[in-house]
Each structure stands twice: as C-alpha cells, then as structure tokens.
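Structure record follows, encoded as structure tokens.
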Amino acid sequence: MEDIERVRNIGIIAHIDAGKTTTTERILYYSGKISRVGDVDEGTATMDWMEQERERGITITSAATTCFWRGHKINIIDTPGHVDFTAEVERSLRVLDGAIGIFCAVGAVQSQSETVWRQSERYGIPKIVYINKLDRIGADFYRVINQIEKRLGAKCLILQLPIGRELNFSGIIDLIENHAIFYPTDSENDAYIAEIPAEMKQEVIHARNQMLERLAEHDEEIMEMYVHDKEIEKDVIRRAIRRATLKRYLYPVFCGASLRNKGTKLLLDAIVDYLPSPVDRGEITGENPETKEIVARKPVIEEPVCILAFKVVNDMFFGRLIYARVYSGEIIPGMRLMNWSRTRKERILKILEVHANKFQEIERAVAGDIVALVGLKETFTGDTLGSPDHPIILEKMQFPEPVLNMKVEPKTKAEAEKVFQTLTKMSEEDPTFKIKIDPETGETIISGMGQLHIEVLVERMRRQYNVDVRLGKPEVAYKETITKTAIGEGKFIKQTGGKGHYGHVVVEIKPAAEGVKFNFTSRLKGEVIPSQFLPAIEEGIVEAMEVGSLKGYPVINVEVAVVDGSFHPVDSNDIAFKIAASMAFKDAYMKASPVLLEPIMKLEVTTPSEYVGEIIADIGIRNGRIEEMIDEGKYKIIRGFVPLRTMFDYPTVIRSLTQGRASYIIEPCFYEKIPDEQLKKIEELM
C-alpha cells in the first residue's frame with residue numbers, strides 16, 4: 001500500500017484486565033483478519049500467544065498485528081497492563097502514532113491506566129477513549145469520564161452514549177449521526193439502526209449540544225456555525241473532531257462491551273476517522289552523529305531510509321528478529337544499511353509482516369510500516385538504522401531501572417554455559433532485565449522489575465530454551481549516587497620496549513537533574529585530547545559506574561564532563577583512555593560524598609472501608625507515607641509510597657488483614673536516599 005495517509009499505527013493501552021486483548025480480538029475478527037474470536041479466559045486469544053499468557057490470563061509481551069478497515073491499513077500493538085512489563089509499553093509507545101485508552105466501566109481510572117496514559121502523553125500521542133464492560137454490575141459511564149478528566153487532566157469529548165445500564169446494556173447512541181444502534185444478539189453483524197428511545201431524547205439533546213460547544217471552543221469553523229445557529233453537516237463535525245484529536249485538545253469517548261461484541265465495529269470506524277496517519281504526525285527529527293546537527297526525515301518514500309529498532313525477539317524458526325518502525329524511505333530484502341547508533345554495517349535478509357507470533361515474508365516496507373527484520377546481527381533495542389550516506393540517530397528510549405535482584409544458578413554444572421548464554425539472549429530482548437557476575441563470589445545475579453517479571457522470564461527459559469535454574473531469595477536492587485560536585489584525575493601510562501600506552505583524563509562529576517541517569521559531555525579546550533578518544537573515555541566511565549566504590553552497587557544520576565587531560569602522539573590509544581577515564585571517575589567519586597539509594601514503590605490499595613485502619617497502620621510500620629485517600633462507595637482507595645525492602649511479605653499480610661477482600665497494585669516509582677538507621681542494618685548484613 002503506497003498511500004501513507006491511509007496507514008494507522010495504534011496501540012491499545014490500559015490497566016490490567018480492562019479488556020485490551022479482548023477488544024483487539026474483536027477488531028481482528030470484524031476486520032476479517034481472523035475467522036473466529038479467541039477468548040482470554042479460555043486461553044485461545046490470538047494476541048496472547050505465549051503459553052504463560054494463556055495460563056495466567058494476562059498479556060506479558062506486546063504483540064503486533066495488521067488488519068484492514070475501510071481501505072485503511074491498521075497496525076496494532078496490544079500492550080501489557082501489568083506494571084512488571086512496563087518496558088513493553090514504553091517501547092511500543094515510542095513507535096506509535098495514536099492509541100486507544102481502554103477503561104473498565106466498573107474500575108474506572110486505575111493506577112496502571114494512569115501510568116500508561118502519562119507514558120503516552122510524554123510521547124505526545126493523540127488518543128481516543130473506549131469505556132468497556134458497560135454490561136457489568138456497577139458499570140457507570142459518567143463516573144469514568146469524571147475520573148478521566150479529574151485524574152488524567154484529559155478533556156473528554158463524548159461521541160456516544162450507552163443505552164441501558166449493567167445487564168440491561170443493549171445499544172449505543174451515536175451523537176454525530178443522531179441515531180441508536182441496537183445489538184439483539186452476541187454478534188455485531190446483527191446490529192441494526194433505530195430511532196433514539198423516547199426516554200433518552202432529552203439526555204441526547206443535552207449531550208449533543210455539549211459536544212458541539214466543546215468542539216466550538218477549539219474549532220473556528222464549528223464556532224462560526226454554532227453561534228449563528230446554522231445546521232452543521234456530519235462531515236464538518238468529523239473533520240473538526242479529527243483536528244482537535246490530533247492536537248490533543250480533546251479526547252473522543254466511545255463505549256461498548258467487547259466480550260459481548262458491542263461497540264467494536266464503531267471503534268474501528270473511530271480509528272480510521274480520528275487517529276493520525278504517519279503523515280499527520282509529520283517529520284521526525286534526530287541528530288547527525290558526525291556533525292551533531294539536528295536533521296529531519298519526512299514520512300515519504302523519496303526520503304533517505306530511517307528506521308528505529310524497538311524490540312529484539314529470538315524466534316525458534318527465524319532466529320534473531322528485530323521489530324522496527326520505518327520512519328522514512330523504503331526497504332527491500334538484501335539492502336545494506338548503517339546502524340548509526342553503533343557505527344556498524346548491517347544487511348536486511350528478510351522483511352516480515354507480523355501477526356502475533358506468526359510471520360509472513362513481504363517484498364518491501366515503506367515509511368509508516370511496522371515490521372520484523374531478519375539478518376541484523378548487531379542491532380539492539382533503541383538503535384537507529386539508515387542510509388549509509390545519510391547519518392541520523394533518533395532520540396533513545398528511556399527505560400526504568402530494575403528494582404529487584406535474585407541469585408540464579410544452574411541445576412547442574414554442565415549447564416552453566418548454556419544458562420549464561422540464555423540469560424544473555426533474554427537481556428538483549430528485555431532492557432529492564434539485567435545480568436551480572438558478582439566479582440567476589442562469582443555468582444550470577446539477575447535483576448528485574450518485580451518477582452512476577454523474573455518468574456515469567458525463568459519459566460520462559462525452561463519452556464522455550466529447555467534450561468532449568470534455581471532462584472535465590474529476592475533482594476532489593478540498591479543504587480549509589482553522589483551529592484556534590486568533584487574533580488578526579490586518572491593516568492594510565494605504560495612504557496614498554498615498543499609502542500606503549502598513554503591515557504590521561506581529568507573529569508568533573510556532579511549530581512544530575514531529576515530523571516537523568518547519566519549524561520556525558522566534553523568541555524575540552526583545543527586539542528588537549530583528540531575527539532576520536534571521547535567514545536573510549538565515555539565507555540570507561542560507564543564501566544566504572546557499574547560497580548560503585550561505596551558499596552559495590554551501580555551508580556546512577558550523575559553528569560560527567562571531561563575537562564582536561566593529555567595525550568601522546570604515538571602511545572595513546574582507546575584502551576589507555578578507557579582505563580584512565582575509569583580511574584578518573586573513581587578518584588572523583590569518593591570526593592563527591594556518595595550515598596546509597598533504595599527503590600521506593602508507588603502503592604495503591606483498594607479495600608472495603610472497614611479495613612482502612614489496619615491498612616494505614618501496616619503502611620506506617622513499613623516506613624511508608626500516605627499521599628491520598630479516595631472514596632469509592634463502599635470502598636476506599638489508599639495511595640502512597642513504600643520502600644521495596646519492606647514489601648516482600650505484603651501479599652500474605654494484606655490477605656490476612658482484609659480476609660482477602662482488598663486488592664493492590666505496586667509499581668517502582670523512584671530512588672531515594674536510605675535513612676541512616678536502615679543503612680546501619682544493611683551494613684551489618686553485608
């Protein structure tokens with residue numbers, strides 16, 4: 001398909017169990033992509049293809065697929081809702097143009113729906129809202145909209161109203177067409193259009209006026225016609241809604257019950273009508289790595305190729321697959337590209353269209369396409385590939401730091417090498433899963449976003465790679481940082497009979513701005529150190545930061561500048577400068593008053609009101625702090641922050657405190673300095 005304006009790259013984002021996968025299944029079925037609808041609870045959903053996803057009934061890995069509707073090509077990524085798999089959401093959002101935010105009509109705005117919404121806002125993604133599960137007991141359409149506006153700060157534009165509530169939910173009113181759609185059976189193909197029920201006419205008149213008023217606030221064409229009381233054509237309304245959606249002034253609201261096949265065909269229409277094409281999103285900008293200038297690529301075939309790799313997958317049949325978004329130009333099998341992030345030449349062997357875990361070879365991919373590529377040996381998540389004669393590096397993706405460590409050992413010594421190779425493969429796939437060898441004990445330590453994250457990966461090792469391991473107890477992944485500015489010097493000078501080694505580096509380190517893990521700059525004046533050695537200096541500093549000099553934990557939130565040094569015209573080389581930079585960093589580090597940091601978790605507990613006292617007392621015992629309490633009828637939502645070190649027994653304790661009636665969500669939020677009394681306890685254990 002050549003018409004890039006008819007492409008939609010969209011994501012499905014929501015809290016766990018809001019109905020993302022169920023809705024995606026219906027979209028695929030009614031667009032003709034699949035012949036029968038899968039079910040999450042029965043473990044037959046197309047998009048939940050991993051065995052574990054089917055057993056647990058949750059989405060673990062973001063799955064991509066393509067379908068067609070009204071002559072438009074829709075690339076869909078169904079993302080996980082569980083906080084432990086936040087990296088899957090992050091990298092999917094990076095390459096999408098639009099998204100559908102799904103909200104449960106009973107649960108409304110839950111903690112993870114808030115997190116993924118904010119992630120999408122960071123990437124400036126236009127969204128439409130779909131309120132699902134309106135057939136459930138306790139469903140309340142207007143309550144969800146009020147929460148979206150209040151908690152997410154998103155201005156909703158209601159385009160549909162539900163007919164009937166809870167078990168009596170039987171249809172949808174379309175405010176643009178001004179008619180009702182009824183669903184007499186559990187197939188949307190049997191839906192029929194009818195007059196608006198008499199008892200809802202006043203509500204519809206009010207809602208339609210409100211829709212036009214909100215549009216008029218942001219659209220001059222509608223304002224002009226609305227003020228002069230002119231008849232506004234439906235196509236004029238749709239064009240205005242599209243403009244307001246693309247600018248993120250308004251978020252159109254749709255409703256339905258996906259499991260009961262109500263509302264998803266209308267949602268497909270909304271994707272085509274209101275979400276952006278790659279052309280609407282406009283050109284993408286990056287940096288020319290050679291000149292450091294900002295360069296742009298337009299989403300057209302005529303531009304030089306620019307691709308962003310957003311995911312690495314090891315497939316049993318095709319081997320190493322790179323999921324990539326083509327931002328400009330056109331690619332074909334056999335084409336040679338440059339990985340500008342690593343200055344490595346790569347060759348595309350095959351281009352695959354993705355449908356969950358099934359792949360189909362295609363002859364080309366153009367600007368706007370999301371595909372899987374075979375043959376890229378040295379490309380990783382976040383890398384930019386492009387034409388060899390048109391350098392560009394797109395903005396890197398930011399992933400959260402792992403918060404949990406576990407020791408891992410093979411069941412037998414013979415499997416040690418195989419275990420390490422498998423762990424390395426999996427850390428390539430998942431940027432929030434790290435492995436390291438303890439230099440003192442030689443033990444392998446794996447790090448992840450939570451116990452579920454690590455358990456899922458270890459289970460995958462067993463099933464996919466036939467490798468079994470023993471896991472140690474979970475341990476908190478502490479970090480180190482600095483509290484003041486310091487200067488350090490490193491010299492690595494070795495003279496031998498022949499060519500020697502000469503590296504001399506002076507660095508200044510200081511605490512980084514909030515949210516910056518590491519930033520490296522050069523403030524060298526003149527040719528004190530040739531610029532060709534700067535990558536080696538940065539590499540040496542990054543390696544030094546992996547094991548902090550305070551307690552041996554990784555160092556974060558540091559800005560490093562090379563301020564001085566010297567070189568030898570014959571003896572200087574990359575290795576010498578890498579070692580000298582590492583020495584300079586370590587020298588500065590202990591002068592910069594380093595401190596130990598611990599992960600603080602965001603906690604949200606939903607509990608019957610009678611257990612509030614016990615839960616608040618328990619959070620206090622865990623050194624937590626409560627931020628807010630929200631009334632939700634018979635339930636209370638308690639939100640706060642708690643150190644991870646105190647939370648390992650929480651599932652058992654909260655069950656016994658509330659007789660199993662409370663639910664909770666816990667997610668990594670930030671790192672903060674460990675209190676002195678706690679630091680003494682940690683030092684005693686070390």
Side-chain angles (χ1 to χ4, degrees), residues 7-16 18-28 47 59 61-67 69 72-82 85-104 109-110 112-132 144-145 148 151-157 159 241-242 244-256 258 263-264 266-282 284 308 310-311 323 325 368 370 397:
V7 173
R8 301 285 182 271
N9 291 316
I10 64 151
I12 313 272
I13 59 171
H15 183 88
I16 190 168
K20 293 181 300 299
T21 303
T22 303
T23 304
T24 310
E25 289 292 312
R26 270 62 186 175
I27 286 172
L28 294 178
M47 302 300 274
T59 301
T61 176
S62 53
T65 189
T66 301
C67 64
W69 187 254
H72 288 69
K73 179 181 183 179
I74 304 173
N75 296 316
I76 303 171
I77 298 184
D78 174 24
T79 63
H82 199 286
F85 310 107
T86 187
E88 287 289 329
V89 184
E90 188 75 31
R91 57 181 165 195
S92 300
L93 290 172
R94 176 70 176 80
V95 297
L96 294 171
D97 299 320
I100 303 171
I102 300 185
F103 296 87
C104 170
V109 178
Q110 294 159 288
Q112 191 60 10
S113 45
E114 204 168 326
T115 303
V116 293
W117 187 275
R118 303 236 181 276
Q119 279 176 301
S120 71
E121 284 293 288
R122 202 166 63 242
Y123 289 115
I125 293 174
K127 291 174 287 295
I128 58 178
V129 170
Y130 176 62
I131 298 173
N132 189 24
V144 181
I145 287 166
I148 290 170
R151 285 169 64 173
L152 304 179
K155 208 168 184 186
C156 290
L157 183 71
L159 300 185
I241 293 168
R242 183 174 181 81
T245 307
L246 297 188
K247 288 177 179 166
R248 290 168 41 241
Y249 294 152
L250 297 171
Y251 296 88
V253 177
F254 302 87
C255 61
S258 296
T264 44
L266 299 174
L267 196 58
L268 270 164
D269 285 334
I271 292 167
V272 168
D273 289 339
Y274 307 124
L275 287 179
S277 72
V279 176
D280 294 316
R281 291 284 276 168
I284 190 162
L308 182 73
F310 68 96
K311 187 172 177 176
Y323 281 49
R325 159 83 189 255
I370 292 175
M397 288 180 254

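R94 meets the salt bridge (Lys or Arg N to Asp or Glu O under 4.0 Å) test with no other residue; sequence neighbours excluded.
Interatomic distance, L96 CG to I76 CD1, rounded to the nearest 0.5 Å: 10.5 Å. For the atom pair CD1 (I145) and SG (C156), the distance works out to 5.5 Å, reported to the nearest 0.5 Å. To the nearest 0.5 angstrom, T23 atom OG1 is 7.0 Å from I12 atom CD1. Once rounded to the nearest 0.5 Å, the distance linking SG of C104 with CG of N132 reads 7.0 Å. To the nearest 0.5 angstrom, I241 atom CD1 is 9.0 Å from L250 atom CG.
Nearest heavy atoms, S120 versus W117: OG-O, 2.7 Å. The nearest pair of heavy atoms linking I125 to R281 is CG1-NH2, 3.9 Å. The nearest pair of heavy atoms linking Y251 to A154 is CD1-CB, 3.6 Å. Here the closest non-hydrogen pair linking N75 and I370 is ND2-N, 4.0 Å. Taking each heavy atom of A18 and I102 in turn, the nearest pair found is O-CG2, 3.5 Å. Closest of all the heavy-atom pairs between Y130 and S258 is OH-OG, 3.0 Å.
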Worksheet entry | L159/I128 under side-chain contact (heavy atoms from CB on, under 4.5 Å): CA gap, chis, key distance, verdict | CA-CA 11 Å; L159 300 185; I128 58 178; over 6 Å; no
Worksheet entry | L268 vs I74, side-chain contact (heavy atoms from CB on, under 4.5 Å): CA-CA, chis, key distance, verdict | CA-CA 9 Å; L268 270 164; I74 304 173; 3.9 Å; yes
Worksheet entry | From CA spacing to verdict: side-chain contact (heavy atoms from CB on, under 4.5 Å), L267, R26 | CA-CA 10 Å; L267 196 58; R26 270 62 186 175; over 6 Å; no
Practice prompt. Please lay out, stage by stage, how L152 and F103 fare under the test side-chain contact (heavy atoms from CB on, under 4.5 Å).
Written response: CA-CA 12 Å; L152 304 179; F103 296 87; 3.8 Å; yes
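Looking only at side-chain heavy atoms (C-beta outward), F254 and L266 stay at 4.5 Å or farther from each other. In this structure the side chain of I27 reaches within 4.5 angstrom of the side chain of I271, judged on heavy atoms. Proximity of D97 to V7: side-chain heavy atoms (C-beta onward) are nowhere separated by under 4.5 Å. Side-chain contact between K127 and I13: present, with at least one pair of heavy atoms (C-beta onward) separated by less than 4.5 Å.
Of the possible polar contacts, one joining the R325 side chain to the V95 backbone as a donor-acceptor pair under 3.5 Å is found. Side-chain N or O atoms of S277 include one that pairs as donor or acceptor with a backbone N or O of D280 at under 3.5 Å. In terms of modelled atom types and a separation under 3.5 Å, the side chain of D273 and the main chain of R242 share no donor-acceptor contact. With hydrogens and angles ignored, the 3.5 Å screen pairs a side-chain donor or acceptor of N9 with a backbone N or O of G368.
Ring orientation note: the planes of F310 and Y323 are nearly perpendicular, at an angle over 60° on the 30°/60° scale.
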